[in-house]
Structures are given as structure tokens and as C-alpha cells.
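Read the structure below first, then the notes.
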Amino acid sequence: QVQLVESGGDSVQVGGSLRLSCAASGDTRTSLCMGWFRQNTGNEREGVATLSPTGGEMYRDSVKGRFRIARDDRKNTLYLHMNTLKPEDTAIYYCVAVARPYCYTWSSFDYWGQGTEVIVSS
């Protein structure tokens with residue numbers, strides 16, 4: 001079992017930057033694909049970025065070149081660096097994880113955090 005706790009969400013103006021953090025605890029001594037999803041009011045959750053145990057990265061098209069996923073294994077923490085923020089980035093962002101050694105799909109994530117809210121004002 002893995003527990004995930006997000007932090008770092010805030011209100012920011014268009015063009016600003018934020019860094020989201022996800023602290024992982026529990027059974028983290030396994031090969032985990034980890035990533036970030038987001039959900040805006042009235043919409044379905046959508047995958048934002050994933051990071052495989054070997055460092056492979058995947059991003060949805062709308063955030064490529066603006067967002068960067070990273071992790072610090074010593075701190076058991078996953079990050080999402082968000083730059084050039086746009087109003088459409090407004091959402092609750094969720095940290096996710098699943099016990100598999102690759103991240104070639106947006107589906108089948110077993111572990112979810114509680115979410116942290118990002119608001120981008122135009």
C-alpha cells in the first residue's frame with residue numbers, strides 16, 4: 001500500500017509558475033509508475049504527466065514544454081514544475097501511482113492523493 005499527499009497548489013496569474021509536491025509513504029520499495037492527473041469542475045479527470053522508475057517521461061500535448069515532472073528518491077517525493085500557466089490549467093491536481101515498471105498508458109493507477117488546487121487567473 002502507498003499513501004500520497006499533495007501540496008503546493010495556489011492562485012497565480014497567467015504566465016506564472018508553481019511547483020507541486022507529492023510525498024509518498026508506505027510500501028515505496030517497489031517499481032512504481034507515478035504521475036499527475038487533474039480535474040476541472042464539470043470535467044473528467046485527465047492525465048497530465050507520468051514518470052517511470054527508469055526516468056521515462058510522458059506528457060499530455062497541452063502541457064508539453066511548459067510542465068516538467070521529477071522525483072527525489074531520497075525524500076520519496078514527486079514534483080510537477082509548472083511554467084507559463086494558462087487559465088485552462090486551473091484544476092485540482094492529483095498525484096497517482098501504480099506498481100508497474102513503465103508508464104505507456106494513462107489508465108490503471110491504484111493509488112491517489114487527496115488533490116491540491118491550482119487557480120490561474122486571466
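In what follows, every heavy atom counts, from backbone to side chain, and hydrogens, waters and symmetry copies are set aside. Along the sequence shown, residues are numbered consecutively beginning with 1. These figures come from a predicted structure and were not determined experimentally.
- Ring-plane geometry between F67 and Y93 is classed as tilted, the angle between the planes lying from 30 to 60 degrees on a 0 to 90 degree scale.
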Steps toward side chain to side chain contact (heavy atoms under 4.5 Å, CB included) verdict (L4, L78): CA-CA 10 Å; L4 306 171; L78 183 75; over 6 Å; no
Verdict with supporting geometry, W36 and C95, side chain to side chain contact (heavy atoms under 4.5 Å, CB included): CA-CA 5 Å; W36 294 90; C95 181; 4.1 Å; yes
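- Taking all atoms of both residues into account, the shortest heavy-atom contact from R71 to S52 is NH1-O, 2.7 Å.
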Derivation of the side chain to side chain contact (heavy atoms under 4.5 Å, CB included) call for E44 and E46: CA-CA 6 Å; E44 297 182 2; E46 61 182 21; over 6 Å; no
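- Around CD of Q13, the count of heavy atoms belonging to other residues, nucleotides or ligands within 6.0 Å does not exceed 12.
- I92 is connected to W106 through a chain of hydrophobic side-chain contacts under 4.5 Å among Ile, Leu, Val, Met, Phe, Trp and Tyr, so both are in one cluster.
- No donor-acceptor pair closer than 3.5 Å links the side chain of R68 to the backbone N or O of Y79.
- One hydrophobic cluster, built from ILVMFWY side chains closer than 4.5 Å, cannot hold both F37 and V63; they sit in different ones.
- No donor-acceptor pair closer than 3.5 Å links the side chain of R38 to the backbone N or O of T90.
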From CA spacing to verdict: side chain to side chain contact (heavy atoms under 4.5 Å, CB included), M82, V12: CA-CA 11 Å; M82 310 166 69; V12 64; over 6 Å; no
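- Using a 4.0 Å cut-off between charged side-chain N and carboxylate O, D61 and K64 make a salt bridge.
- The side chain to side chain contact (heavy atoms under 4.5 Å, CB included) with T50 is formed by just one residue from the set M58, R60, E57, M34; it is M58.
- Linking Ile, Leu, Val, Met, Phe, Trp and Tyr whenever their side-chain heavy atoms come within less than 4.5 Å puts V48 and L85 in one cluster.
- The backbone N or O of E88 sits nowhere less than 3.5 Å from a side-chain atom of N40 that would complete a donor-acceptor pair.
- Checking side-chain atoms of E6 against main-chain N and O of T116 turns up no donor-acceptor pair under 3.5 Å.
- Side-chain heavy atoms closer than 4.5 Å link hydrophobic residues (I, L, V, M, F, W, Y) into clusters, and following such links, possibly through other members, connects Y59 to L51.
- The cationic atom of R100 (NZ for Lys, CZ for Arg) lies less than 6.0 Å from the six-membered ring centre of F109 and within 45° of the ring axis.
- With values rounded to the nearest 0.5 angstrom, D27 atom CG is found 9.5 Å from Q3 atom CD.
- Across all non-hydrogen atoms, the minimal contact from A49 to L80 is CB-CD1, 4.3 Å.
- When atom types are taken as modelled, the side chain of Y102 and the backbone of G56 share no donor-acceptor pair closer than 3.5 angstrom.
- W112 and L20 fall into different hydrophobic clusters, where Ile, Leu, Val, Met, Phe, Trp and Tyr residues are linked whenever their side-chain heavy atoms come under 4.5 Å apart, directly or through other members.
- Proximity of a side-chain donor or acceptor of Q114 to a complementary backbone N or O of V5 within less than 3.5 Å is not detected.
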